[in-house]
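We're numbering straight along the sequence, starting at 1. Values below: every heavy atom of this structure, side chains too, minus hydrogens, waters and symmetry copies. Counting starts at 1 for both ligands and their atoms, in listed order.
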Amino acid sequence: METLILNPTIPTYRNLDRKYTFCPGCSHSLVLDHLNAALVKMQLDPRKVVFVTDIGCVGMSDQFFEVNAFHGLHGRAVTYATGIKLANPDLNIIVLMGDGGVGIGGHHILNAARRNIGITVLVFNNLNFGMTGGEHSVTTPHGGRTATTRAGNLERPLDVCATVAVNGAAYVFRGTAFDKELPDRIVEAIQTPGFALLDIWELCTAYYVPGNDFSRTALMQTMQGLNFPAGVLQKMDTPELSRAYRETIYNLQSPISPAQAIEQKYNSALTKTTRLILAGAAGGKVRSTASALAVGGMMSGLWATQRDDYPVSVMSGYSVSEVILSREEILYMGIEKPDILAVLTPEGLSQVPRQLRAMDESQLVYVVPELAEHIQTRARKIVFNFTRPPSKKSLAVTATAAILRHANLYPLAAFREAISAGPRAEIAQENLKAVEASEGVL
Ligand SMILES: Cc1ncc(C[n+]2csc(CCOP(=O)(O)OP(=O)(O)O)c2C)c(N)n1
Ligand SMILES: [Mg+2]
């Protein structure tokens, strides 16, 4: 595993500007501090760390850290982690999930253990569904009083550790959020090449604690009463699947052509990191335009990131893409306060009220004429002055090209080249026409 000595001005992987938003006394914060301590001990390159967060209170965890993150559907975190690991075995993938997620996605955990996928799963086991009001989960102890087991839980709790251990997990540990050894155990788990799971018992101070007069002592007593052992429960040295796959099938078939490097051919005059948001409608080429914007930036010697948001439906509703362009490497790709926000359609506008409120006089909102009056912001408002209103399919490209000319982010030629590099020639032609239509728009 490659390790880098971090910049000494970054003593933590936590984003200290962001305070934990958990309830007072919730053990989730304790476990996250232990996780941070483990990462600090290991000095892993944050670019090679991926948190995959499940749903629930625990699902909020990634926003407090400056590492890569993926957040998806309830119970499915292990599936995303598996995919990421298979795509890039060099990454350190850490799944953060609750006991609710273990119940909902138990099948995925079994299969990841059985396949010995080299990920680390931290189960934030607060013995109930925290976020939705304290319903019982698969790990609620027998007799536990919850919102759905008022008279006491009749079910036997799942022994998560024994279940993954019997299915071949390479590293298994059970403990509590109060264990001083937790950072060291997390380090061991991350260093284990194969599948590692830590079942970390916690206090849910909103629900399980008041509902059961529960305490730290009760936590230990419950574990002992169930005969669920604590400590390191399994350590096995068996081949990890993503490496085994690379060494055999992948190399034989070499199914993927090598990634094309993006060459720098242009120069950008950009001096400060610029965060842009394109807020438009699905089917309006918002995401592909944002990609071309990011690629054009890279062709101009900038770092670039892209993040997209759109509903589950296809070709209907909003489509909002965020792009950051910077002279420096971008370690956090979220945008809370954009420097440039392009409001293209009513669907897009409906998604960005928070950003509009956050923006100030030094920032720019570009807006189509028909929505100009609906924009409430302190930012400077600039209205597109189209000679002919662009079609739905050319609006995003024309607007972005106009912004590139106006804000002078990088040469328009780079944007044109990024568009031409698109997979379909006829679409590239259409988009290049939309770029030409941007002349004189601003
Ligand atoms: C498939 C699915 N079912 C139900 C929900 C509703 N839901 C959201 S959070 C949550 C409880 C989460 O509990 P847990 O995973 O233990 O995390 P915690 O909140 O305790 O940290 C549920 C049931 C959902 N998001 N997805
Ligand atoms: Mg829970």
Interfacing atoms of ligand 1 (cut-off 4.0 Å, heavy-atom, [X]):
{"X": "Cys57", "value": "18 (P), 19 (O), 21 (O)"}
{"X": "Ile55", "value": "8 (C), 9 (S), 15 (O), 17 (O), 25 (N)"}
{"X": "Asn128", "value": "16 (O), 20 (O)"}
{"X": "Gly130", "value": "13 (O), 18 (P), 19 (O), 20 (O)"}
{"X": "Gly101", "value": "15 (O)"}
{"X": "His28", "value": "21 (O)"}
{"X": "Thr132", "value": "7 (N), 8 (C), 9 (S), 10 (C), 11 (C), 22 (C), 23 (C)"}
{"X": "Gly56", "value": "9 (S), 12 (C), 17 (O), 19 (O)"}

Problem set entry | the Mg ion (ligand 2) to nearest N/O/S of Asn128 below 2.8 Å | yes

Exercise. Near the Mg ion (ligand 2), is there an N/O/S atom from Asn126 that is less than 2.8 Å away?
Worked result: yes

Exercise. What distance separates His28 NE2 from Asn126 CG, expressed to the nearest 0.5 Å?
Worked result: 4.5 Å

Exercise. Going from CG on Leu349 to CD1 on Ile375, what distance comes out if it is rounded to the nearest 0.5 angstrom?
Worked result: 5.0 Å

Exercise. Out of Asp54, Val58, Ile200, which one pairs with Phe124 under the side chain to side chain contact (heavy atoms under 4.5 Å, CB included) rule?
Worked result: Val58

Exercise. So, are Glu329 and Arg47 salt-bridged, with charged N and O less than 4.0 Å apart?
Worked result: yes

For this session: Inspect the contact between Asp90 and Arg243 and indicate whether a charged nitrogen and a carboxylate oxygen are less than 4.0 angstrom apart.
Result: yes

Exercise. Among protein heavy atoms, which sits nearest to atom 14 (P) of ligand 1, and what does the distance come to when rounded to 0.1 Å?
Worked result: Gly100 N, 3.5 Å

For this session: Could you check atom 1 (C) of ligand 1 against the protein and tell me its nearest heavy-atom contact, residue, atom and distance included?
Result: His74 CB, 4.0 Å

Exercise. Going through the checks in order, is the side-chain hydrogen bond (donor to acceptor under 3.5 Å, both in side chains) test met by Thr12 and Asn36?
Worked result: CA-CA 7 Å; Thr12 168; Asn36 182 49; 3.0 Å; yes

Exercise. Does any donor atom in the side chain of Asp62 or Thr53 lie under 3.5 Å from an acceptor atom in the other side chain?
Worked result: yes

Exercise. Going by distance alone, is a donor N or O of one side chain under 3.5 Å from an acceptor N or O of the other, for Arg14 and Tyr20?
Worked result: yes

Problem set entry | Short N or O distance, Phe129 and ligand 1, threshold 3.5 Å exclusive | no

Exercise. Looking only at distance, does Ile104 have an N or O less than 3.5 Å from an N or O of ligand 1?
Worked result: no

For this session: Specify which N/O/S atom of Asp99 comes nearest to the Mg ion (ligand 2), by atom name.
Result: OD1

For this session: Given ring-ring contact (aromatic ring centres under 6.0 Å, His included), test Tyr13 with Phe51 step by step and report yes or no.
Result: CA-CA 12 Å; Tyr13 293 68; Phe51 282 7; 8.8 Å; no

Exercise. What's the shortest heavy-atom distance between Trp303 and Arg327, and which atoms?
Worked result: CD1-O, 3.4 Å

